[in-house]
Amino acid sequence: MKPIRTFASRLVGLPVDDVDTDQIIPARFLKVTDKEGLGAALFADWRYDAEGRPRPEFPLNRPEAEGARVLVAGRNFGCGSSREHAPWALLGYGFRAVVSTGFADIFRNNAVANGLLPIALRPAAHAWMLRLALEHPRVQVTVSLERGIVTLPDGATESFPIDGFDRECLLQGVDRLGYLLGVEQEIGAFEAAYATGVSTLPGASLR
Amino acid sequence: MDGSPRSRTLFRKVWDAHLVRDETESAPAVLYVDLHLVHEVTSPQAFAELRERGLPVRRPDRTLATMDHSTPTTPRVNGRFVIADPQAAAQVERLAENCRDFGVPLYALGSERQGIVHVVGPELGLTVPGSTIVCGDSHTSTHGAFGALAFGVGTSEVAHVLATQCLLQRRPQTMEIRVAGRLTAGVTAKDLVLAVIAHTGVAGATGHVLEYTGAAIRSLSMEERMTVCNMSIEAGARAGMIAPDDTTFEYVAGRPFAPAGAAWDAALERWRALGTDAGADYDAHVTLDASHLAPMITWGTNPGMGLAIDACVPRPAGEADVQEKALLYMGLRPGEPLLGKRIDVVFLGSCTNSRISDLRLAASVMRGRTVAAGVRMLVVPGSQQVKRQAEAEGLDQVFLAAGAEWREAGCSMCIAMNGDALSAGQYAVSTSNRNFEGRQGKGGRTFLASPLTAAASAIAGAVADPRPLLAGWEKA
């Protein structure tokens with residue numbers, strides 16, 4: 001996972017509220033056994049027509065979207081299915097951050113686990129940045145995870161909240177499994193003291 | 001636990017009992033997982049992560065896999081399942097390989113216990129009160145019906161649980177959903193939860209664990225409670241829970257993996273103490289009265305866009321953009337009634353409504369009636385066990401005689417990645433949980449409703465109120 005620190009990028013505006021993960025990547029693309037190549041299927045049903053040709057009016061298909069790493073979506077992003085293919089597809093396309101007013105819990109966890117930065121702005125700032133993305137798609141903003149701010153072209157800054165632990169993982173580009181493996185001794189001690197009689201499965205007899 | 005209040009909610013008791021390490025400002029809690037359910041779609045990359053790091057599955061005896069999402073539900077050919085899609089076949093085979101290599105128990109396609117992961121856990125007695133249950137599937141909230149803390153996770157977290165049996169979690173907020181009164185005839189648990197989501201909206205419960213309380217919840221059967229908890233995620237909630245009671249204990253007793261003998265008595269004593277203490281606080285509250293609810297149906301493209309079945313499609317107001325976009329996709333006009341809207345497909349199934357009581361309910365109105373000409377109805381039992389039970393009761397014959405299809409167990413048209421899908425433009429009344437654009441097939445249009453409403457609509461060939469079909473029904 002690539003660390004995130006400070007980067008400058010143009011914005012792609014997607015003025016749709018309540019974008020669910022079925023739109024981010026439809027279920028028919030989930031029959032894979034790896035994470036590769038999902039960027040091509042990002043927003044597939046909105047991005048391509050019935051013959052599979054790019055719809056020119058869809059924001060990701062406009063020439064100025066090329067190379068942009070920040071998606072500014074409508075309010076409440078990522079609800080629905082737990083599919084981690086959603087952040088895999090967003091990252092596969094080239095995004096490093098998504099801006100909204102808020103994120104569904106599972107999507108937020110999945111995003112952070114993969115180095116995709118969820119930026120939740122207060123509603124007025126969000127509305128302003130979405131308008132900026134739609135009306136001035138060639139301007140650049142600077143995202144600083146160290147400082148927890150987005151700097152706008154006129155030098156104004158907008159701060160966003162991020163959990164301290166998530167921030168460290170993103171800054172260092174490390175995933176949480178390493179941390180959990182480091183808790184091994186405590187997990188073992190917990191299990192040894194854990195005699196609350198919850199069923200376990202006698203593995204081999206189940207087939 | 002330090003910092004835990006003296007009067008605790010059901011959620012807080014289960015949370016506290018599973019803390020390997022409490023959260024601090026700088027790090028989330030380490031939460032122990034009692035049961036990890038696994039399926040073919042969200043696990044291959046997690047097993048690959050373990051292989052890459054040379055790690056074993058820490059507790060195969062707390063892990064159970066089955067196949068449901070990408071598996072076909074078409075009838076077997078000479079007793080064998082045929083997966084026509086090579087990519088789906090490879091994914092299913094990968095799960096079998098991973099389970100073999102890591103020693104994880106698996107109910108594969110062809111097993112007598114295969115089925116939708118959230119139907120299989122409860123029916124085997126693996127889902128028990130007070131436990132923590134996770135799965136790489138958002139509808140894991142289903143298991144909260146037993147007073148378990150159960151929630152969906154992503155594939156990275158599937159790898160965490162496979163390797164360490166733990167998750168890193170911040171403690172969520174709590175929200176009480178108090179439902180007073182009693183459901184009236186023809187109004188089901190599905191209608192109740194659709195009404196809850198219409199009230200909260202799709203993000204109204206983000207960051208919260210719901211606890212459903214009140215007389216209406218107490219009077220629900222376990223299968224009805226599962227339907228309610230199943231859709232908690234559609235309100236944005238992390239999980240939904242119901243305090244266990246005698247209804248719960250009766251359901252669990254005697255199931256294959258349920259505690260037995262002295263272990264049962266000990267379990268029962270613990271489970272009886274799980275309910276929320278008098279004086280415990282929730283962070284938020286919602287109150288509804290079940291007595292006033294009608295059968296519900298969704299008109300739009302998220303599960304929060306629901307209304308009483310005899311209401312008209314709303315005029316966009318407030319967040320008008322979202323509603324206008326939904327109306328355009330659904331091909332509906334504001335002010336148009338939904339009753340009588342012609343449909344093409346009826347889907348009875350999914351982890352929301354594919355249990356034996358759901359099939360019985362639908363069969364009760366379909367007996368001696370037929371599916372309208374031009375309408376395709378799929379009846380997809382949630383598991384092989386449900387399928388056998390339905391066949392023993394002759395329900396399959398009721399559906400077949402009515403002209404419906406009787407299928408193998410699986411997620412089927414709820415997720416439309418297994419060969420069962422709507423065509424572009426088709427309308428469906430569906431007992432599943434999501435009406436998102438394209439959810440049931442690219443361009444397909446979904447009305448979410450109860451099994452009763454689905455059955456009545458299949459007969460009418462159009463969206464229909466099931467109540468006039470009920471025995472002894474007289475409109476007041």
Side-chain angles (χ1 to χ4, degrees), chain A residues 15-18 20 22-23 26-28 30-35 45-46 50 74-76 79-85 87 102-107 109-110 113-114 163-165 168 175-177 179-181 183-184 186-187 189-191 194 196-207, chain B residues 20-21 25-28 30 32 34 41-42 44-45 60-62 64 70 87-88 90-91 94 103 105-106 126 128 131 136-138 152-157 159-160 163-166 168 202-203 206-207 236 238 257 259 263 266-267 270 302 319 321-322 415-417 434 436-439 442:
Chain A
V16 183
D17 294 342
D18 300 324
D20 59 81
D22 273 271
Q23 308 317 313
R28 63 182 183 279
L30 309 188
K31 287 177 274 188
V32 294
T33 51
D34 59 19
K35 309 175 185 179
D45 287 351
W46 290 347
R75 291 167 286 198
N76 179 41
C79 61
S81 157
S82 63
R83 60 192 67 169
E84 199 160 317
H85 309 69
F103 296 88
D105 296 323
I106 306 177
F107 177 83
N109 285 346
N110 288 343
N114 288 278
D163 179 86
F165 187 83
E168 285 309 304
D175 129 299
R176 296 165 159 225
L177 181 51
Y179 179 92
L180 271 171
L181 290 167
V183 184
E184 163 63 33
E186 277 172 76
I187 299 170
F190 178 90
E191 284 180 326
Y194 189 55
T196 53
V198 173
S199 312
T200 56
L201 293 145
S205 69
L206 280 173
R207 285 152 214 266
Chain B
V20 170
R21 185 190 274 183
E25 203 157 310
S26 63
V30 178
Y32 195 75
D34 289 322
V41 175
T42 57
Q45 299 86 353
D61 61 335
R62 292 189 178 280
L64 175 68
S70 58
Q87 206 185 10
Q91 192 177 55
R94 180 64 61 86
L106 166 69
L126 286 165
V128 293
S131 58
D137 189 284
S138 60
V153 297
T155 297
S156 293
E157 291 179 313
H160 298 172
T164 69
Q165 205 58 30
C166 289
L168 287 166
V202 289
T206 302
R238 201 76 187 88
F257 292 101
R270 284 193 313 275
N302 75 47
E319 291 179 10
D321 292 1
V322 183
I415 183 106
M417 59 180 294
R434 291 190 172 133
F436 296 144
E437 288 184 25
R439 170 76 180 190
K442 189 174 175 178

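Labels below follow one simple rule: chain letters A, B, ... track the order of the sequence lines, proteins then strands, and each chain is numbered from 1.
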- Query: Measuring from A:Asp20:CG to B:Arg434:CZ, what's the distance to the nearest 0.5 Å?
  - Reply: 8.0 Å
- Best-contacting candidate, A:Asp17, A:Asp45, A:Thr33, A:Val16, against chain B by heavy atom pairs under 4.5 angstrom: A:Thr33
- Message: So which atom in B:Ala88 and which in A:Lys31 form the shortest heavy-atom distance, rounded to 0.1 Å?
- Response: CB-CD, 3.9 Å
- Sort out for me which of B:Asp137, B:Val153, B:Leu168 touches chain A most, counting heavy-atom pairs under 4.5 Å. B:Leu168
- Could you have a look at A:Pro87, A:Gly80, A:Pro15 and say which one has the most heavy-atom pairs with chain B under 4.5 angstrom? A:Gly80
- Return the minimal non-hydrogen interatomic distance between A:Tyr179 and B:Ala27, and the atom names on each side. OH-CB, 3.5 Å
- Message: How close do A:Ser81 and B:Ser138 get, counting heavy atoms only, and between which atoms?
- Response: CA-OG, 3.8 Å
- Query: At a heavy-atom separation under 4.5 Å, does B:Asp321 approach chain A through its side chain, its backbone, both, or neither?
  - Reply: neither
- For residues A:Val183 and B:Thr164, determine if any side-chain heavy atom of one lies less than 4.5 Å from a side-chain heavy atom of the other. no
- Could you state the interatomic distance from CG (A:Leu180) to CZ (B:Arg21), rounded to the nearest 0.5 Å? 9.0 Å
- Task: Identify the two heavy atoms, one from A:Asn109 and one from B:Glu157, that lie closest to each other, and give their separation to 0.1 Å.
- Result: ND2-OE2, 3.7 Å
- When rounded to the nearest 0.5 angstrom, what distance separates OG1 in B:Thr206 from CZ in A:Phe107? 13.0 Å
- Task: Using the six-membered ring wherever Trp is involved, compare the ring planes of A:Phe190 and B:Tyr32 and label them parallel, tilted or perpendicular (cut-offs 30° and 60°).
- Result: tilted
- Heavy-atom proximity to chain B below 4.5 Å, by part of A:Asp34: backbone
- Query: Which atoms of B:Ser26 come close to chain A, meaning under 4.5 Å heavy atom to heavy atom: side chain ones, backbone ones, both, or neither?
  - Reply: backbone
- Message: Once rounded to the nearest 0.5 Å, what's the spacing between atom CZ of A:Arg176 and atom SG of B:Cys166?
- Response: 13.5 Å
- Query: Sub-3.5 Å donor-acceptor pair from the side chain of A:Gln23 to the main-chain atoms of B:Phe436, do we have one?
  - Reply: no
- Query: Hey, does B:Val20 have a side-chain heavy atom less than 4.5 Å from the side chain of A:Tyr194?
  - Reply: no
- Item | B:Arg94 versus chain A, the contacting section by heavy-atom distance below 4.5 Å | side chain
- Item | Student check: side-chain heavy atoms of B:Gln45 and A:Glu84 closer than 4.5 Å | no
- Please determine, among A:Asn110, A:Asn76, A:Asp18, A:Asp105, the option with the most heavy-atom pairs under 4.5 Å with chain B. A:Asp105
- Shortest non-hydrogen contact between B:Gln91 and A:Leu30, atoms and distance: NE2-O, 2.9 Å
- Message: Tell me every residue that passes side-chain hydrogen bond (donor to acceptor under 3.5 Å, both in side chains) with A:Asp163, counting only those two or more places apart in sequence or in another chain.
- Response: B:Arg170
- Query: Does the side chain of B:Arg238 reach to within under 4.5 Å of the side chain of A:Ile106, using non-hydrogen atoms?
  - Reply: yes
- Query: Top residue by heavy-atom pair count (under 4.5 Å) with chain A, among B:Ala416, B:Ala159, B:Pro44, B:Gly136?
  - Reply: B:Pro44
- Message: Pair B:Val41, A:Arg83 - check side-chain contact (heavy atoms from CB on, under 4.5 Å), show working.
- Response: CA-CA 9 Å; B:Val41 175; A:Arg83 60 192 67 169; over 6 Å; no
